[in-house]
Peer 1: 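One structure, pasted below without further comment.
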Amino acid sequence: MITGERMAAVDENAAALGVPRKQLMESSGHAVARAVRDVAEPGSSVTLVAGRGNNGGDAFVAVRFLEAYETTTLLLGRAETIGTEIARENWEALERADYDVREVADSRTFELPEADVIVDAILGTGISGDLREPAATAARAIDDADATVVAVDVPSGFDADDGDHADNGVEADRVVTFHDTKPGLEELDADVTVADIGIPAAAERFVGPGDVDLARPIDREGRPYVIGGGPYTGAPALAAQSALRAGAELTFVAAPETVTGEIQGYSEDLIVQPYGSEVLTPEHVDDLVDTAEQYDNVVVLGPGLGTAEETLEAVRQFLESYTGRAVVDADALVVVPDVDTDATLVCTPNRTELERMGGPEADSLPDVAAEIESLAAELDHVVLAKGADDVVTDGDRTHVSRSGTVGMKVGGTGDTLAGIVAALMEGAEPLDAAAAAAHVNGLAGERLAENGGHGYLATDLLEEIPAVLWGERDD
């Protein structure tokens, strides 16, 4: 099962792998035509009601595979407003080939011809809420018609992310959905067929540009709260700065007062909050939890904390008390397997830390992805295992990020990754945020390698993160 949002990401990943959306549309349209042929004999009349997006484009393709039928295609809107190039190309192909195609510029003039089969291609996935004009008028006419209704991907008005169906949505007799079923389709009073349209499994397995689009912040939001520092100062500063570069509005660093001045010195953009000791100790936990819970921060716990016994006890107590979202990194990771917590965690171990958490020992993490998945399921947390190729899993779904270079073995790149995860978790699900962050961090390293070889530092990654996320530098 796959949501509409995730399906859009998979489509984009497939294109990045060399399987363009135009090719997938051809396969989708052919699948729709097969469904029509299953319910009607040659010579039957078929009316295709199409919107101006790719859902409509699937219907335009289907027409070319229905030569034995009397087809009429109604476009809801003007052809010049078709929203995608590939849908427009398929509409123009119908015009040039002299098929019966009609534009409906005004819902008041909408008239549905009598037909044996009606193809609902008005709206696809990514749409929620009640239908608006002209879709509402078209849906009402479709529901009132004495015809078999075949819906493309999902019935118009059906929310493919949560399974809700608009009160004025189309009631389909058959649904031809693509690649995988969508949440809630099985509850409809309709025959549902899942059509294989040629999307490679790698489009779901390997992290790609679709995953980044899925997790990319729309506006600056979120205020990650980095709890780190003590023995080390660069790690929490890197995590906080990378969160800013990945879209956070502000970042806070809670650290021992003995090192807050040094951490502040890394950047004037950081808001550093001291507490009175040389390392994190249990006496500071209650205040840190209260602050994180009060402001609903995504916490980054671990960078630069060290492994003092009292520090690890403080980490344990923090996780036992905290109920929000957190990225757990570095020295704090060893505590996670033995803690009962209500927090939502993304754990970001390197290969050594993964072993200490009870995970597998391996040079190639993808080779032991199933074992990492089992560990995530046992922990009931997302695990982002860092290596030459990263493995990201929640114990159910697993992705592999292949971005990055050998230059990313330099210290500090894991800290930048933790900050990116925290920033993206503000608006994305933990698994999606972790997968996208791994890809973004790796692509930032690739950009540096392209521009100046492998002799870069983790601080250099900071300048590339905005370019990867938004296509430009964040000056």
Side-chain angles (χ1 to χ4, degrees), residues 215 221-229 235-236 239-240 243 246 248 251-255 273 275 280-305 310-349 353-354 356-359 372-373 375-386 392-397 414-415 417-438:
E221 56 184 349
R223 301 181 175 191
Y225 189 40
V226 180
I227 301 174
T251 55
F252 300 86
V253 180
Q273 301 175 335
Y275 52 81
L280 177 64
T281 63
E283 66 182 290
H284 306 298
V285 167
D286 288 345
D287 287 342
L288 294 173
V289 171
D290 287 345
T291 299
E293 298 270 12
Q294 179 180 354
Y295 296 103
D296 193 27
N297 302 103
V298 177
V299 170
V300 180
L301 180 63
L305 280 180
E310 58 185 341
T311 297
L312 296 182
E313 174 61 20
V315 169
R316 183 185 67 79
Q317 292 183 19
F318 183 93
L319 292 175
E320 286 178 341
S321 301
Y322 185 54
T323 61
R325 300 159 293 166
V327 182
V328 184
D329 188 36
D331 298 324
L333 286 163
V334 70
V335 176
V336 172
D338 300 319
V339 170
D340 184 12
T341 179
D342 291 328
T344 299
L345 305 184
V346 173
C347 302
T348 57
E353 292 160 345
L354 180 67
R356 291 173 182 163
M357 294 178 69
I372 300 171
E373 185 176 284
L375 175 65
E378 181 181 343
L379 296 174
D380 197 24
H381 301 305
V382 171
V383 173
L384 194 177
K386 299 175 292 192
V392 190
T393 178
D394 62 359
D396 181 28
R397 290 192 292 142
D415 302 309
L417 173 59
I420 299 170
V421 176
L424 300 187
M425 275 180 72
E426 182 63 34
E429 293 298 316
L431 180 67
D432 295 332

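In this text the structure is predicted, and so the values were computed from the model without any measurement. Values below: all heavy atoms of this structure, side chains included; hydrogens, waters and symmetry mates excluded.
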Peer 1: Could you point out which residue of Val339, Leu301, Thr341 forms a side chain to side chain contact (heavy atoms under 4.5 Å, CB included) with Phe318?
Peer 2: Leu301
Peer 1: Exactly one of Leu424, Leu431, Val421 should register a side chain to side chain contact (heavy atoms under 4.5 Å, CB included) with Val346. Which one does?
Peer 2: Val421
Peer 1: Does the pair Asp342 and Thr323 meet the rule for a side-chain hydrogen bond (donor to acceptor under 3.5 Å, both in side chains), with working shown?
Peer 2: CA-CA 5 Å; Asp342 291 328; Thr323 61; over 6 Å; no
Peer 1: Starting from the C-alpha separation in whole Å, work towards a yes-or-no answer on side chain to side chain contact (heavy atoms under 4.5 Å, CB included) for Thr251 and Val300.
Peer 2: CA-CA 10 Å; Thr251 55; Val300 180; over 6 Å; no
Peer 1: Determine the interplanar angle of the Tyr225 and Phe252 rings, folded into 0 to 90°, and report it as parallel if under 30°, tilted if 30 to 60°, perpendicular if over 60°.
Peer 2: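 Rings of Tyr225 and Phe252: perpendicular, as their planes differ by over 60°.
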Peer 1: Taking atom CD of Glu283 and atom CD of Gln317, what is their separation to the nearest 0.5 Å?
Peer 2: 11.0 Å
Peer 1: Of the non-hydrogen atoms in Glu353 and Ala330, which two are nearest, and what is the gap between them?
Peer 2: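 Minimum heavy-atom separation between Glu353 and Ala330: OE2-CA, 3.4 Å.
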Peer 1: Given 3.5 Å as the limit, does a donor-acceptor pair link the side chain of Arg325 with the main chain of Asp296, or not?
Peer 2: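 Yes; judged by distance alone, with no hydrogens or angles, the pair exists.
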Peer 1: Can you give me the closest heavy-atom contact between Gly414 and Lys386, atom names plus distance?
Peer 2: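 Reported closest heavy-atom pair: CA-NZ, 3.7 Å.
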Peer 1: Let's go through Arg397 and Asp432 carefully: what are the C-alpha distance in whole Å and the side-chain angles of both, what is the deciding distance for side chain to side chain contact (heavy atoms under 4.5 Å, CB included) to 0.1 Å, and is it a yes or a no?
Peer 2: CA-CA 10 Å; Arg397 290 192 292 142; Asp432 295 332; 3.8 Å; yes
Peer 1: For Ala332 and Gly302, which heavy atoms make the closest approach, and how far apart are they?
Peer 2: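 Of all heavy-atom pairs spanning Ala332 and Gly302, the closest is CB-CA, 3.8 Å.
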Peer 1: Would you confirm whether Thr311, through its side chain, and Leu280, through its main-chain N or O, come within 3.5 Å as a donor-acceptor pair?
Peer 2: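 Side chain of Thr311 to backbone of Leu280: a pair is present.
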Peer 1: Tell me which one of Val335, Val328, Val334, Leu333 satisfies side chain to side chain contact (heavy atoms under 4.5 Å, CB included) with Met357.
Peer 2: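 Result for side chain to side chain contact (heavy atoms under 4.5 Å, CB included) with Met357: Leu333.
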Peer 1: Quick check: does any side chain N or O of Thr281 sit under 3.5 Å from a backbone N or O of Glu310, one acting as donor and the other as acceptor?
Peer 2: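 Here the side-chain-to-backbone pair does not exist.
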Peer 1: Between Val299 and Leu288, does a side chain to side chain contact (heavy atoms under 4.5 Å, CB included) hold up when you go through it step by step?
Peer 2: CA-CA 10 Å; Val299 170; Leu288 294 173; over 6 Å; no
Peer 1: Between Ile372 and Ala385, what is the shortest heavy-atom contact and its length?
Peer 2: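 That would be CD1-CB, 4.1 Å.
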Peer 1: Can you give me the closest heavy-atom contact between Ala423 and Ala243, atom names plus distance?
Peer 2: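 Looks like CB-O, 3.5 Å.
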Peer 1: How long is the straight-line distance from OH of Tyr322 back to CG of Asp290, given to the nearest 0.5 Å?
Peer 2: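 Spacing of CG (Asp290) from OH (Tyr322) equals 12.0 Å.
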Peer 1: Does atom CD of Glu320 have more than 12 heavy-atom neighbours from other groups under 6.0 Å away?
Peer 2: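 Counting other residues, nucleotides and ligands, CD of Glu320 exceeds 12 neighbours.
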Peer 1: For Pro303 and Asp415, which heavy atoms make the closest approach, and how far apart are they?
Peer 2: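 Closest pair (atom of Pro303, atom of Asp415, distance): CB-OD1, 3.9 Å.
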